[in-house]
Amino acid sequence: MRMTRYFLPTLREDPSEAEIISHKLLLRGGFIRKVASGIYNFLPIGFRSLKKIENIVRTEMDRAGALEILMPMVQPAELWMETGRWQAYGKELLRFKDRKEHDFCLGPTHEEIITDLVRKEVRSYRDLPLILYQIAPKFRDEIRPRFGLMRAREFIMKDAYSFDADEEGLEKSYKLMYETYQRIFKNCGLKFQAVEAHTGAIGGDVSHEFMVLAETGEDTLAICEACGYASNVELTPAILGEKYQEEPKKPLEKVYTPGVRSAKDVADYLGLPLPKITKTLIYIVEEKEPIAVVLRGDHEANEVKLEKLLGGRPFRMAREDEILNLIGAHPGFLGPKGLKMKVIADKALESYPNFVIGANEDEYHYLNANLGDTFTPDIIADIRKAAPGDLCPKCKKPLSFTKGIEVGHIFKLGTKYSSAMKATFLDKNGKEKPFIMGCYGIGVSRVLAATVEQNHDEKGIIFPWQIAPFQIALISLEKALNEEGERLYQRLLARYEVLFDDRDERPGVKFKDMDLVGIPLQIILGKNYQEKGELEIKVRKTGERIYAKPENLEETLEKIKERLLNENF
RNA sequence: CGGGGCGUAGCUCAGCCUGGUAGAGCACCGGCUUCGGGAGCCGGGGGUCGCAGGUUCAAAUCCUGUCGCCCCGACCA
């Protein structure tokens with residue numbers, strides 16, 4: 001592509017609306033433009049990258065035997081009523097009426113549509129297993145869209161659905177998709193990690209998330225380098241690595257602690273280490289029942305674990321005025337002793353001698369509290385987030401923690417949708433059975449954003465070779481070399497996707513633009529060529545410059561390409 | 001839905017407090033020079049100051065309403 005013929009509006013400055021790196025760089029590089037909050041145009045170069053990702057996904061899905069289809073974005077309410085999700089799905093589901101006053105919604109996902117399709121057309125176990133997928137826009141009316149493509153309202157998703165005759169079949173389909181996802185993200189040239197994940201609203205027992213590793217990720221992953229265990233910390237069982245030193249129980253002692261509210265303040269004020277302090281959190285379950293959760297000061301509550309413990313009943317943190325009403329003390333001075341509500345203590349408090357608790361009286365704490373003596377919790381359970389120092393639940397080696405961006409999620413659905421929608425087939429014995437389903441998603445447009453989050457520097461994006469919009473940027477610096485550049489461009493097109501900067505611009509502008517959009521290799525035609533007859537190849541990622549005689553160009557490029565693909569350096 | 005911030009040229013922003021009829025840099029158009037890391041000089045085009053009311057002789061500026069965008073609202077007792 002010649003740049004004089006291309007539509008690539010780059011921005012010199014960061015747009016004021018963008019906060020995170022991928023959002024800034026995708027806007028500045030002319031990949032996307034905002035249409036409305038959480039809704040974007042993909043410009044030519046952005047769409048090219050998106051298609052690269054799509055094609056990798058498509059290739060691997062097809063290889064796995066999945067069949068590509070296309071389902072509508074507009075969906076009738078009737079199907080959603082069958083599964084009860086017309087009510088259950090919140091405001092994220094954008095609903096509207098057509099001219100005949102019939103209810104419709106924009107599809108945030110397609111379980112209902114696909115289940116309807118399959119129940120109408122598939123009758124026999126002989127037609128199973130069946131995996132169908134599509135790559136299509138989805139719409140979720142997020143409460144707070146943000147971070148550009150990372151949390152958009154309209155976005156591109158690959159969603160696949162498997163239909164099997166029995167659990168073993170589902171197991172196979174799930175495993176097949178797991179392996180397919182591994183290939184997809186590997187082929188995208190991304191550093192990623194599959195982790196055990198919590199199933200959320202969709203239900204089912206097992207699920208895995210695929211996480212692109214990046215500092216800026218919103219999820220925390222617990223990884224065991226020894227045995228390969230990996231999970232989202234939402235799910236990671238917290239196994240304390242430290243052994244508490246035995247010490248004799250000391251008598252409970254009330255101390256004056258004016259004005260200290262956070263556990264950290266209390267620790268500093270009393271001159272004790274943070275873990276010696278405990279904090280007591282008040283939750284309101286189902287808008288009526290208050291409960292207290294007691295944790296070590298350096299630990300954080302894990303609301304996913306709490307939700308499981310409460311059997312899925314809805315809960316929220318209590319407001320300050322509610323706490324004041326219930327306990328008569330302000331947050332910061334709460335403790336489990338003498339509370340008239342259910343008390344849940346975290347496991348890490350077991351056999352922990354002489355810790356500090358709030359006195360349920362403003363400006364006072366107790367020293368030397370002991371589980372069982374000072375108070376007896378109704379439940380002792382693992383309700384905290386795993387943290388550095390904790391051990392792997394499988395092999396008991398220390399866990400390490402890292403950040404990731406969720407780009408894929410695979411679930412076993414079982415018969416949740418097929419039962420609700422009476423989607424059945426006849427098995428070998430002529431018996432009617434609901435399909436056993438799985439669903440498998442990849443946020444295609446989010447992969448683009450995650451790629452940028454993982455691969456950038458102060459100059460701009462650094463695309464992995466596999467999903468770069470172009471692989472080679474050809475930069476001609478001298479007018480006198482225009483013909484030479486044209487010839488080289490034609491020659492390179494035989495093997496590569498090339499963006500040829502044939503603009504009448506100053507060198508600095510050309511370098512800045514190419515660095516910004518992140519094309520892996522730049523071939524510079526300038527004074528080096530004029531003086532020595534050598535072409536200069538700049539590797540975007542490392543900044544190194546490699547020189548090649550024109551006759552050796554392809555050979556050299558292939559070597560660098562191989563290195564980029566294999567070493568992932 | 002609450003709390004905060006912002007809407008002025010294509011982009012980044014100044015001007016608003018203290019009303020007097022709109023600016024800078026970049027981008028764009030023309031010219032000359034320049035040409036290996038976002039050039040310099042000269043000349044030019046471009047804005048109903050988000051929108052709607054109100055106050056006033058006069059509103060980008062003050063008041064009210066409205067729309068849009070961004071951030072915070074699970075870092076925690």
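Per chain, numbering begins at 1; letters A, B, ... match sequence-line order. Values below: every heavy atom of this structure, side chains too, minus hydrogens, waters and symmetry copies.
On a pure distance criterion of 3.5 Å, no polar donor-acceptor pair joins the side chain of A/Arg316 and the base of B/G73. With hydrogens and angles ignored, a donor-acceptor pair closer than 3.5 Å exists between the side chain of A/Asp513 and the base of B/G38. No hydrogens or angles were tested; on distance alone, a donor-acceptor pair under 3.5 Å links the side chain of A/Lys538 to the base of B/G37. One cannot find a donor-acceptor pair under 3.5 Å joining the base of B/U12 and the side-chain atoms of A/Arg12. The base of B/G38 does not come close enough to the side chain of A/Glu505 for any donor and acceptor atom to sit less than 3.5 Å apart.
Note on A/Asp14: only backbone sugar-phosphate atoms sit closer than 4.0 angstrom, heavy atoms only; bases stay farther off. Here A/Leu477 lies in heavy-atom contact (under 4.0 Å) with a base. Residue contacts shown for A/Ile282 include a base, since a base heavy atom lies under 4.0 Å away. Contacts of A/Ala263 with the nucleic acid, taken as non-hydrogen atoms under 4.0 Å apart, involve only primed sugar atoms and P, OP1 or OP2. At the heavy-atom level, A/Glu536 lies under 4.0 Å from base atoms of the strands shown. Using a 4.0 Å heavy-atom cutoff across all strands shown, A/Lys34 reaches sugar-phosphate atoms only and no base atom. The residue A/Glu17 sits close only to the backbone: its heavy atoms come under 4.0 Å of sugar-phosphate atoms, none of a base. A/Pro9 comes within 4.0 angstrom of nothing in the nucleic acid, heavy atoms only. Within 4.0 Å of A/Lys279, counting heavy atoms only, lie sugar-phosphate atoms of the nucleic acid but no base atom. A/Arg28 comes within 4.0 angstrom of a nucleotide base, judged by non-hydrogen atoms across all strands.
Annotation: A/Ile143, atom CD1; neighbour count of heavy atoms from other residues, nucleotides and ligands within 6.0 Å does not exceed 12. The number of heavy atoms from other shown groups lying within 6.0 Å of CZ (A/Phe47) does not exceed 12.
Distance noted for atom C1' between B/U56 and B/U61: 13 Å (whole Å). Comparing the C1' positions of B/C13 and B/G53 gives a spacing of 29 Å, expressed to the nearest Å. A distance of about 15 Å separates the P atoms of B/C67 and B/A52, rounded to the whole Å.
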* List the steps and the verdict of ring-ring contact (aromatic ring centres under 6.0 Å, His included) for A/Phe31 and A/Phe42. => CA-CA 6 Å; A/Phe31 288 75; A/Phe42 283 85; 9.5 Å; no

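Closest approach to the A/Glu13 side chain among B/C11, B/U34, B/C72 is made by B/C11 (side chain taken as heavy atoms from C-beta onward). The side chain of A/Asn528 approaches B/G36 more closely than any other nucleotide in the set B/G36, B/U12, B/G73. The side chain of A/Arg146 has B/C71 as its nearest neighbour among B/C71, B/U12, B/C70. Minimum atom distance to the side chain of A/Met317 is reached by B/C76, of the listed B/C70, B/G37, B/C76.
In this structure, A/Arg540 is not positioned above the aromatic face of A/Phe463 in the sense of NZ or CZ being under 6.0 Å from the six-membered ring centre and within 45° of the axis. In this structure, A/Lys276 satisfies the cation-pi test against A/Tyr352, with its NZ or CZ atom closer than 6.0 Å to the six-membered ring centre and inside 45 degrees of the ring normal.
One atom, NZ of A/Lys24, and another, P of B/U12, lie 12 Å apart when rounded to the nearest Å. Put simply, CG on A/Leu334 is 12 Å from C1' on B/C76, counting in whole angstrom units. Going from atom CD1 of A/Ile475 over to atom P of B/G38 covers 14 Å, rounded to whole Å.
Ring to ring, A/His365 and A/Phe333 are close: their centroids are under 6.0 angstrom apart. Note: A/Phe375 and A/Tyr366 fail the aromatic proximity criterion, with ring centroids not under 6.0 Å apart.
For A/Ser16 and B/C11, the shortest distance from a side-chain N or O to OP1 or OP2 is not below 4.0 Å.
Below 30°, between 30° and 60°, or above 60°: for A/Tyr256 and A/Tyr364 the angle between ring planes is between 30° and 60°, a tilted geometry.
Pairing for B/G30 is with B/C42, a Watson-Crick or G-U wobble pair whose two hydrogen-bonding atom distances lie under 3.5 Å. B/C35 makes up no base pair with any nucleotide shown, lacking Watson-Crick or G-U wobble contacts both under 3.5 Å. Across all strands shown, B/U61 remains unpaired; no Watson-Crick or G-U wobble contact has both distances below 3.5 Å. Across all strands shown, B/C16 remains unpaired; no Watson-Crick or G-U wobble contact has both distances below 3.5 Å. If you check B/G73 for Watson-Crick or wobble pairing at under 3.5 angstrom, you find it paired to B/C1. Base pairing analysis places B/G7 opposite B/C67; the two distances defining the Watson-Crick or G-U wobble pair are each below 3.5 Å.
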Determine all donor-acceptor pairs shorter than 3.5 Å in which one atom belongs to a side chain in residues 17-26 of chain A; sequence neighbours excluded.
{"from": "A/Ser22", "atom 1": "OG", "to": "A/Glu453", "atom 2": "OE2", "distance (Å)": "2.8"}
{"from": "A/His23", "atom 1": "ND1", "to": "A/Gly148", "atom 2": "N", "distance (Å)": "3.4"}
{"from": "A/His23", "atom 1": "NE2", "to": "A/Tyr40", "atom 2": "OH", "distance (Å)": "3.3"}

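Near RNA chain B, meaning a heavy atom under 4.0 Å from it, residues 520-527 of chain A has A/Ile524, A/Gly526, A/Lys527 in order of number.
Residues A/Glu303 and A/Val509 each lie close to RNA chain B; by heavy-atom proximity, the contact nearer the 5' end of the strand is made by A/Val509. Mapping A/Phe333 and A/Phe147 onto RNA chain B by nearest heavy atom places A/Phe147 at the nucleotide closer to the 5' end.
When all heavy atoms of A/Ala292 and A/Ile282 are compared, the pair lying nearest together is CB-CD1, 3.9 Å.
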